[in-house]
Chemist: 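Okay, handing you the structure first.
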Amino acid sequence: GASAQPKQQALAAVLLLQADKPAEAEKAAPAAAPIYGTILRALARKAQGQPYQPLVDSLDGVEGDIEQESGEILNDLTYLLGKEAGNAWLLDQFTKLQEGLPVSRVLSMARSRVLYGLERYQDAIALLEPLLDPAKPNKTLLFFLADANEKLKNIPEAEKYLKQFLELDPNNPNDGMGVAGKVCPATQLRQVLFKEASQPDLQLGLPATFTEVANSVVSGTTRGIMGY
């Protein structure tokens with residue numbers, strides 16, 4: 001019904017597709033989840049033998065948050081359908097939907113989230129890296145790549161993509177907090193000692209191996225700190 005949540009509508013659409021009822025599935029696809037709703041409608045039209053490429057082509061221009069929709073919809077779908085079976089079905093359907101059509105960035109990102117569910121992180125990276133465009137950097141794409149590399153413990157690659165991600169909006173304090181915490185967990189941190197000089201108010205962070213600190217004094221006034 002109209003009051004159903006998008007994730008409930010998405011589940012209904014998937015179950016109807018699996019039951020070979022694509023016309024009903026198309027009606028059930030959630031309008032309030034613009035990305036996955038469009039994907040499900042495209043799958044339904046494909047199953048009915050109707051034109052579906054316009055829907056796939058429209059995905060890259062859809063106003064939606066793929067990370068939020070993936071979290072709300074894919075997680076519930078795979079929980080209810082079974083992690084392995086649900087993700088395998090979705091991957092098969094998403095892959096067939098893309099076949100023979102110009103590559104859709106958004107559909108590829110949706111496929112990568114399904115690969116995440118199957119813990120196929122290297123396959124997700126292989127799918128995402130060709131989508132990189134230095135002229136049009138995409139924050140979500142960079143976030144996904146940083147996260148996937150972190151899953152594989154490819155810390156240098158994860159840090160590279162995280163740096164690019166953060167540089168797109170350096171004044172946003174919330175950006176990267178989740179993935180930064182993964183890329184830089186406590187096990188990756190190094191002990192740092194802080195030394196201070198009273199004139200002027202200076203503080204210097206030094207590796208624990210540094211044992212000597214000297215003030216830089218000019219005309220009787222401390223201008224800086226040196227550590228070695």
Side-chain angles (χ1 to χ4, degrees), residues 5-11 13-15 17-18 29-30 33-40 42-43 56 59-60 62 64-99 103-133 137-166 168 174-185 187-188:
Q5 296 295 321
K7 56 187 178 183
Q8 296 170 330
Q9 295 171 326
L11 176 61
V14 167
L15 293 175
L17 284 169
Q18 292 181 333
I35 293 173
Y36 283 96
T38 300
I39 291 173
L40 289 170
L43 287 172
V56 176
L59 277 170
D60 289 356
V62 166
D65 185 334
I66 190 168
E67 178 66 359
Q68 180 180 346
E69 286 192 34
S70 295
E72 293 178 354
I73 292 177
L74 286 187
N75 289 350
D76 268 44
L77 283 177
T78 53
Y79 174 78
L80 294 168
L81 299 174
K83 178 180 177 180
E84 294 297 325
N87 279 312
W89 185 86
L90 289 168
L91 181 61
D92 177 66
Q93 293 296 307
F94 290 2
T95 301
K96 289 179 178 176
L97 189 62
Q98 179 65 88
E99 288 177 355
V103 173
S104 164
R105 173 179 50 81
V106 170
L107 183 54
S108 293
M109 291 168 75
R111 290 166 64 196
S112 79
R113 300 316 281 171
V114 176
L115 288 166
Y116 264 53
L118 294 168
E119 298 182 9
R120 291 169 53 181
Y121 305 118
Q122 192 60 57
D123 289 337
I125 291 171
L127 189 63
L128 293 173
E129 284 187 328
L131 304 178
L132 290 170
D133 182 355
N138 182 279
K139 289 179 67 174
T140 305
L141 178 57
L142 292 168
F143 181 90
F144 283 1
L145 282 166
D147 197 36
N149 276 284
E150 184 278 329
K151 299 286 189 186
L152 295 172
K153 306 303 179 185
N154 296 335
I155 302 303
E157 285 294 296
E159 289 178 341
K160 178 183 76 174
Y161 289 121
L162 176 61
K163 181 175 182 289
Q164 294 177 38
F165 170 83
L166 294 173
L168 292 179
N174 297 317
D175 268 359
M177 292 184 69
V179 71
K182 296 176 183 178
V183 174
C184 303
T187 55
Q188 297 287 339

Chemist: Is the closest side-chain heavy-atom distance between Ile66 and Val106 below 4.5 Å?
Modeler: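 Side chain of Ile66 against side chain of Val106, heavy atoms only: contact under 4.5 Å found.
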Chemist: Looking at every heavy atom in both Leu128 and Ser108, which two are closest together, and how far apart are they?
Modeler: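 Taking Leu128 first and Ser108 second, the nearest heavy atoms are CD2-O, 4.4 Å.
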Chemist: Measuring from Leu152:CG to Glu157:CD, what's the distance to the nearest 0.5 Å?
Modeler: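 It is 10.5 Å, given to the nearest 0.5 Å.
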Chemist: What is the minimum heavy-atom distance between Glu69 and Pro34, and which atoms define it?
Modeler: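 Looking at all heavy atoms of both residues, the shortest contact is OE2-CD, 3.0 Å.
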Chemist: Nearest 0.5 Å please: distance from the CH2 atom of Trp89 over to the CD atom of Gln18.
Modeler: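 Rounded to the nearest 0.5 Å, the CH2-CD separation comes out at 5.0 Å.
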Chemist: Are the side chains of Ile35 and Asp65 in touch, meaning some heavy atoms are under 4.5 Å apart?
Modeler: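 Counting from C-beta outward, Ile35 and Asp65 never come under 4.5 Å.
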Chemist: Got a second to check how far Glu67's CD is from Leu74's CG, nearest 0.5 Å?
Modeler: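 It is 10.0 Å, given to the nearest 0.5 Å.
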Chemist: Which pair of non-hydrogen atoms, one from Ala124 and one from Ser112, has the smallest distance, and what is that distance?
Modeler: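 Closest pair (atom of Ala124, atom of Ser112, distance): CB-O, 4.0 Å.
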Chemist: Are any non-hydrogen side-chain atoms of Lys7 and Pro30 less than 4.5 angstrom apart?
Modeler: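 Answer no - side chains too far apart.
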Chemist: Fit a plane to each ring of Tyr121 and Tyr116, take the angle between them on a 0 to 90° scale, and name the class: parallel (under 30°), tilted (30 to 60°) or perpendicular (over 60°).
Modeler: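 Perpendicular, since the angle between the ring planes exceeds 60°.
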Chemist: Roughly how far, to the nearest 0.5 Å, is the CZ atom of Phe144 from the CG atom of Leu142?
Modeler: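 Reported value, rounded in 0.5 Å steps: 11.0 Å.
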Chemist: Show your reasoning for whether side chain to side chain contact (heavy atoms under 4.5 Å, CB included) applies to Thr78 and Leu90.
Modeler: CA-CA 9 Å; Thr78 53; Leu90 289 168; 4.2 Å; yes
Chemist: With a 4.5 Å cut-off on side-chain heavy atoms, are Leu17 and Leu40 touching?
Modeler: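 When only atoms from C-beta onward are counted, Leu17 and Leu40 do touch, with a gap below 4.5 Å.
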Chemist: Quick check for you: to the nearest 0.5 Å, what is the distance between Asn154 atom CG and Leu145 atom CG?
Modeler: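 Result: 11.5 Å between the selected atoms.
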Chemist: Taking all non-hydrogen atoms of both residues into account, name the closest pair between Ala146 and Ala158 and its distance.
Modeler: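 In terms of heavy atoms, the two residues are closest at O-CB, 3.5 Å.
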Chemist: If you apply the rule side chain to side chain contact (heavy atoms under 4.5 Å, CB included), what do you find for Leu81 with Leu11, and how did you get there?
Modeler: CA-CA 9 Å; Leu81 299 174; Leu11 176 61; 4.2 Å; yes
Chemist: For a 4.5 angstrom cut-off between non-hydrogen side-chain atoms, does Leu168 reach Gln164?
Modeler: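 In short, these two side chains do not touch, never coming nearer than 4.5 Å.
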Chemist: Between Glu150 and Tyr161, do the side chains contain an N or O donor and an N or O acceptor separated by less than 3.5 Å?
Modeler: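 Their side chains do not contain a donor-acceptor pair, so the 3.5 Å distance test is not met.
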Chemist: Could you report the tightest heavy-atom contact between Gly37 and Ala29, atom names first, then the distance?
Modeler: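 Shortest heavy-atom contact: O-CB, 3.7 Å.
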Chemist: Minimum heavy-atom separation for Ser70 to Arg113, with atom names?
Modeler: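 Closest heavy-atom pair between Ser70 and Arg113: OG-CG, 3.5 Å.
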Chemist: Any side-chain heavy-atom pair from Glu119 and Lys151 closer than 4.5 angstrom?
Modeler: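 Not touching, per the 4.5 Å side-chain cut-off.
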Chemist: Roughly how far apart are Arg111 CZ and Asp92 CG, rounded to 0.5 Å?
Modeler: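 Going from the CZ atom of Arg111 to the CG atom of Asp92 covers 10.5 Å.
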Chemist: I would like to know whether Asn138 and Phe143 meet side chain to side chain contact (heavy atoms under 4.5 Å, CB included); could you show each step before the answer?
Modeler: CA-CA 9 Å; Asn138 182 279; Phe143 181 90; over 6 Å; no
Chemist: Do Ile125 and Gln122 have side chains that get closer than 4.5 Å, going by heavy atoms?
Modeler: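 Heavy-atom side-chain distance check passes, below 4.5 Å.
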Chemist: Taking the side chain as C-beta and beyond, is there a heavy-atom pair between Gln93 and Val14 under 4.5 Å?
Modeler: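 Result no, sub-4.5 Å side-chain heavy-atom pair not found.
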Chemist: Between Asn87 and Lys83, is there a donor-acceptor pair closer than 3.5 Å when you use the side chain of the first and the backbone of the second?
Modeler: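 The answer is yes, because a donor-acceptor pair under 3.5 Å joins these two groups.
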Chemist: Report the C-alpha distance between Arg120 and Leu91 in whole Å, list the side-chain angles of each, state the deciding distance to 0.1 Å, and finish with yes or no for side chain to side chain contact (heavy atoms under 4.5 Å, CB included).
Modeler: CA-CA 11 Å; Arg120 291 169 53 181; Leu91 181 61; 3.5 Å; yes
